[in-house]
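I have placed the structure first, in the form of structure tokens, so that the comments after it can refer back to it.
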Amino acid sequence: MASKEEIRGMEMVADKYRSFLHDEAQNTTEWRHGGPPIYDAVNKLFEEGRTKEWAKGSLEEVVQNAIKSWEMELSHKTRVQDFKTINPHKFNLIVNGREGLSAEETLKVGSYNALLKSSMPEEFKYYKAEEESFESSHDVFRSALPRGFAWEVMGVYSGPPVITFKFRHWGYFEGPFKGHAPTGELVQFYGVGILKVDESLRAEDVEIYYDPAELFAGLLKGRPVSGSNTEQEETDLSDAMRKSCPLHAQME
């Protein structure tokens, strides 16, 4: 694993789908793993599996890259004041009509838990967000989708200040998930988003609507395996990931 000193000494290469926003504050930004993440693996998955390739500078490309940049900040920065893609004082995330989360609340629980929280009865929950931490939630999906979880815009229906769009999220189920063995198959789901932005195109209100059953239908297809085996497999994989360089990003 690269040391913090080695990370600081690395040449920062711009990601073509995300802005790392190397401005005057770059030396004071607190990164979760010591420095900006590297998205080579998931970028490859994205380029091989996307269904749309938007023209450079088009509204669709701008929206797609803006959402990718926001997710990057949410997953890899530890302080809301370091975010450049949202208005931290007004930000509100609403998923499937549930009560909204502030910027601090979203950062605390992480994107997976924010998106997968459910009000269903306990016996019907495929994933219990309230029992997962930021770190464990990311470990669960990095384990299940080791090549990454790619994201693309399928269409944009209105421009700023209120942007409405359709999206697709996908990966390959090649690792264990909550007691289910991997199938190697494509797992994907579609959704729609409504994004209100300010004059600097920073997100203020974000509404996401999708059917979680689309995602879990693929992740629960694998044959059930014994709890002890699954836990050991997930522990071994998580340990291996932590021993590797933490800047290797796995989510879009």
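- Residue Gly175 comes nearest to Pro146 through the heavy atom pair N-CD, 4.0 Å, listed as atom of the first residue, atom of the second, then distance.
- You'll find the side chain of Tyr190 stays beyond 4.5 Å of the side chain of Trp170, heavy atoms only.
- Counting only distance, with no hydrogens or angles, the side chain of Ser69 and the backbone of Ser19 share a donor-acceptor pair below 3.5 Å.
- Residues Glu61 and Ala55 share a closest heavy-atom pair of CB-O, 3.6 Å.
- Under the 4.5 Å side-chain contact rule for hydrophobic residues, Val206 and Tyr209 do not share a cluster.
- The CG atom of Leu115 sits 7.0 Å away from atom CD1 of Ile208, with the distance rounded to the nearest 0.5 Å.
- Of the possible polar contacts, none joining the Tyr127 side chain to the Glu132 backbone as a donor-acceptor pair under 3.5 Å is found.
- Within the 4.5 Å cutoff, the side chain of Val156 has no heavy atoms near those of the Val62 side chain.
- To the nearest 0.5 Å, the span separating CD1 on Ile194 from CZ on Phe165 amounts to 9.0 Å.
- Under a cut-off of 6.0 angstrom, the local environment of OH in Tyr126 is sparse, with at most 12 non-hydrogen atoms contributed by other residues, nucleotides or ligands.
- Nearest heavy-atom pair across Pro212 and Tyr210 is CD-O, 3.4 Å.
- Hydrophobic clustering of Ile, Leu, Val, Met, Phe, Trp and Tyr side chains at less than 4.5 Å, counting indirect connections, keeps Ile94 apart from Phe167.
- Between the side chain of Ser143 and the backbone N or O of Asp139, no donor-acceptor pair lies under 3.5 Å.
- By the 4.0 Å N-to-carboxylate-O rule, Glu152 lies too far from Lys52 to be salt-bridged with it.
- Put simply, CD on Glu130 and NZ on Lys125 are 3.5 Å apart, with the number rounded to the nearest 0.5 Å.
- Between the side chain of Trp54 and the main chain of Gln64, no donor-acceptor pair closer than 3.5 Å is present.
- If you take CD on Glu105 and CZ on Phe91, they are separated by 10.5 Å, rounding to the nearest 0.5 Å.
- The minimum heavy-atom distance between Ala114 and Val95, with the atom names listed, is O-CG2, 3.7 Å.
- Remark: Lys117 NZ to Asn113 CG distance equals 10.0 Å, nearest 0.5 Å.
- With hydrogens and angles ignored, the 3.5 Å screen pairs no side-chain donor or acceptor of Arg202 with any backbone N or O of Pro88.
- Contact detail for Trp31 and Lys77: the closest heavy-atom pair is CH2-CE, 3.6 Å.
- Looking only at side-chain heavy atoms (C-beta outward), Leu215 and Phe149 come within less than 4.5 Å of each other.
- The ring pair (Phe, Tyr, Trp, His ring centres under 6.0 Å) with His169 is formed by just one residue from the set Phe141, Phe189, Tyr112; it is Phe189.
- With Asp15 contributing its side chain and Ile38 its backbone, the two residues share no donor-acceptor pair below 3.5 Å.
- Leu107 contributes atom CG, which lies 9.5 Å from atom OG of Ser75 (distance to the nearest 0.5 angstrom).
- Ring to ring, Tyr39 and Tyr17 are not that close: their centroids are 6.0 angstrom or more apart.
- Taking the side chain as every heavy atom from C-beta outward, Arg18 and Asn43 approach each other to under 4.5 Å.
- There is no path of hydrophobic side-chain contacts, each under 4.5 Å, that joins Ile67 to Val162.
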Stepwise side-chain contact (heavy atoms from CB on, under 4.5 Å) test for Lys178 and Leu219: CA-CA 9 Å; Lys178 298 292 184 181; Leu219 293 174; over 6 Å; no
Salt bridge (charged side-chain N to carboxylate O under 4.0 Å, His left out) between Lys128 and Glu122, worked out: CA-CA 8 Å; Lys128 298 181 179 180; Glu122 289 295 312; 3.5 Å; yes
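- Looking at Lys16 and Glu47, a side-chain N of the basic residue comes within less than 4.0 Å of a carboxylate O on the acidic one, giving a salt bridge.
- Annotation: side chain of Lys221 is not in contact with side chain of His180 (no heavy-atom distance under 4.5 Å).
- Follow the hydrophobic side-chain contacts under 4.5 Å out from Leu220 and you reach Leu145 in the same cluster.
- The two residues Leu74 and Ser111 make their nearest non-hydrogen contact at CD2-CB, 3.6 Å.
- Of the candidates Ile163, Val63, Asp205, Asn87, Ile163 is the only one forming a side-chain contact (heavy atoms from CB on, under 4.5 Å) with Val197.
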Salt bridge (charged side-chain N to carboxylate O under 4.0 Å, His left out) assessment of Lys84 paired with Glu73: CA-CA 8 Å; Lys84 307 300 181 185; Glu73 291 194 304; over 6 Å; no
